[in-house]
Amino acid sequence: MTVVSNSDLVAGTAAVPQASAGSHLSIRGLGKTYGGHAALADVELEIGAGQYVVLLGPSGSGKTTLLSMIGGFTVPTRGRIAIGGKDVTALPPARRPTATVFQDYALFPHLTVEANVAFPLAMRDVARAERPKRVAQALDLVGLAGFGRRRIHELSGGQRQRVALARALLVEPEILLLDEPLGALDLHLRRQVQDELKALQRRTGRTFVHVTHDQEEAMVLADLIVIVHNGRIEDAGTPQRLYQRPATRFVAEFMGESSLIEGRVAAAGEGRVTLETPLGAISLPGKAMAGAMGTIAIRPENWLAGPRPDDAVTIGRATVIDSVFQGATWRVRARCQGIELLLRLPPDRAVSPGDSLDLSCRERQMVFLDR
Amino acid sequence: MRQIRGILGTGAVLALAYGFIYLPVAVLVLFSFHELKAPVPPFQGPTTAWYEALFADPKLMDALVRSIVIAVVSGLGSTVLGFLAAFGLARFRPPLAGLWRFLLLMPLTVAPMCVGIGLLILANGLALPKSLALVTLGHVAVNLPLAFTICLAQMGGHQEVLERAARDLGASEFRVLTRVTVPLLWPALFASFCLCFTFSWDEFIISFFLSGFDVTLPVAIWEMMRAGINPKINAAGTIVFILSLGLVLVGEIILFGRRRRHDRRVEL
């Protein structure tokens, strides 16, 4: 069972400049069960105002269900959702301070761009005279000034996405929910729109909650990444924290690449553990019960090959399986006592299959994972 | 050679089939312009005398107007009710949805005669006189399953997402219907109306049982035929046929026109 405690999340958000005191979106004990199968369980989450939050997870992990419950489209089986201190669990989507940008944008094909963007204004009975000005402002904000008279089918995918954004922003939501908004765009466009989304979030100062399965996208956009896996929150924190100090083995593997060395805890105490592994006993900071299973995760760029510096721990001698030159680094696969390791070595460090490497790693760059 | 024979064979079968379907109609239309009172070849004419006689006949003209009114009202009634039933079942998924759908489709298997007799017995029981309102009600009852089926078939997941978006943007349930669902479904709604209109337009048996002294056009034609063959019947039949054909064509043009636009959009 994975419950991310408050202290973890506060630690994760502390570095974000715009995070205000107190939590904006508060989720407590949230769960959703479909016919006995738990799609989501025990979700605890606190999000500060004005943050770019990314819900990241593989498909079927429950991240979209979580977004859908925040938006009010899915009724939770248990738990509470509060926005700005107000309980919204029982409110329908229209009465929540949220707006959703749907995966396929859900633009109305029978209306012009203008009429699409003006839709939330019309539904709120904003004076007719005021609508054109606000529509123009919103279109301008997303870089579509002058596109008002076009029909939806005359727009490209990227333009449709911006119309959906402009329309959702005219709801003036406290929280903008984005369901895989870049999924339908090609790679080049996706990177461009990512930058625009981030800039838009900074300019509007609103909280964005964005669902994706693309960890690169999450890294680019997020102040706070929430990793969802098997219907539970696996970990949550800044991209940097999640990459450098993943909380679980799943996070270590899902966010970038890692070499994993498994073993049994031989001794533990005073904030350190000694792990008995096929590569010998390795001692590092961590907490566990003696006798439990554990894993050491090491990022490819943290390996040291060659003479061991004084502050590093010897791991063992590995044989190179293959190596690929990637410009900035060599990407090397090596084997040590039957365990496959992944390394990134400096470009001047050419190796070829069969070479032997003496590997070591600094203690602070090894992560002990107890699950 | 074999190919030519194949084409000829296919052509012959097609000619037979379409001849079987359309020849009676062609004969009906042709002899409405026939000069003699008896519809016997060879054709002599053309003349519009029978049309003049038809338009001068107040009994037939009244029946024509009544039929149009009943067709419009019952067509609208069936379409609105069928649409609402389909919307409710598709979107709100009530308990026992399968049962409700089955009950809505059941009248398809009930002969119009049974509906007519049933309504007649009911009206007698309630001491209601036979009337055009009862005929309209009967037409709504037999056409509702058709309108329901057409609407239900068009209730796709795509519109559901759009309806959900509209709700998220602040639309009330009524505005979701009027601003999103109906505008998106209007070709289906119009097609449903056209079909219900034509079915009501040439429906005989329910009208026969339930109309009092004021009869509909098909009943008026039937009464005329009892008095003996008259080319005015051909003229009236031709008008019935042309109106039905016109409605079907309009429906088709709207549906196909929309599909072509949709195809262009897919190309983009």
Side-chain angles (χ1 to χ4, degrees), chain A residues 64 67-68 70-74 88 91-112 115-126 138 150-157 159-160 163-173 175-179, chain B residues 83 87-88 90-98 151 153-193 253-268:
Chain A
T64 303
L67 190 83
S68 175
I70 299 172
F73 299 107
T74 303
V88 298
L91 293 185
R95 297 192 38 219
R96 295 186 183 208
T98 57
T100 302
V101 174
F102 293 88
Q103 192 166 9
D104 54 0
Y105 316 138
L107 297 174
F108 305 123
H110 59 294
L111 301 178
T112 60
N116 263 281
V117 176
F119 193 86
L121 300 179
M123 293 306 112
R124 277 165 184 70
D125 295 310
V126 170
R150 302 262 184 112
R151 311 286 303 192
I152 297 306
H153 62 85
E154 293 169 343
L155 302 182
S156 69
Q159 289 167 336
R160 284 179 204 194
V163 175
L165 266 173
R167 187 177 69 173
L169 284 171
L170 272 186
V171 174
E172 304 203 344
I175 301 179
L176 185 70
L177 306 172
L178 304 112
D179 185 8
Chain B
F83 164 70
F87 184 74
R91 294 294 183 258
F92 298 98
R93 298 185 184 91
L96 303 178
C151 293
Q154 295 295 321
M155 295 272 168
H158 178 63
Q159 285 132 18
E160 192 170 3
V161 173
L162 295 177
E163 287 160 10
R164 202 194 283 191
R167 275 183 210 113
D168 186 47
L169 295 167
S172 61
E173 240 9 88
F174 179 72
R175 276 171 152 179
V176 168
L177 267 181
T178 54
R179 300 287 187 105
V180 179
T181 313
V182 170
L184 286 173
L185 283 182
W186 82 265
L189 295 176
F190 189 75
S192 154
F193 171 76
I253 286 166
I254 283 167
L255 283 178
F256 279 113
R258 189 179 160 88
R259 200 163 303 155
R260 263 209 308 281
R261 276 213 306 284
H262 183 78
D263 289 347
R264 270 214 305 279
R265 186 168 60 206
V266 169
E267 276 166 32
L268 287 169

Segment of A:R167 engaging chain B (4.5 angstrom heavy-atom cut-off): both
Checking A:A122 against chain B: side chain, backbone, both or neither under 4.5 Å from a heavy atom? both
Look at the aromatic rings of B:F190 and B:F193 and report parallel, tilted or perpendicular, splitting at 30° and 60°. tilted
Quick one: of B:R167, B:R179, B:H158, who has the most non-hydrogen atom pairs under 4.5 Å with chain A? B:R179
Contact check, side chains of A:F73 and A:T100, non-hydrogen atoms, under 4.5 Å: yes
Identify whether NZ of Lys or CZ of Arg in B:R164 sits under 6.0 Å from the centre of the six-membered ring of A:F102 and within 45° of that ring's axis. no
In terms of heavy-atom proximity below 4.5 Å to chain B, should A:L107 be classed as side chain, backbone, both, or neither? backbone
Tell me whether A:R124 at atom CZ has more than 12 heavy atoms from other residues, nucleotides or ligands lying less than 6.0 Å away. yes
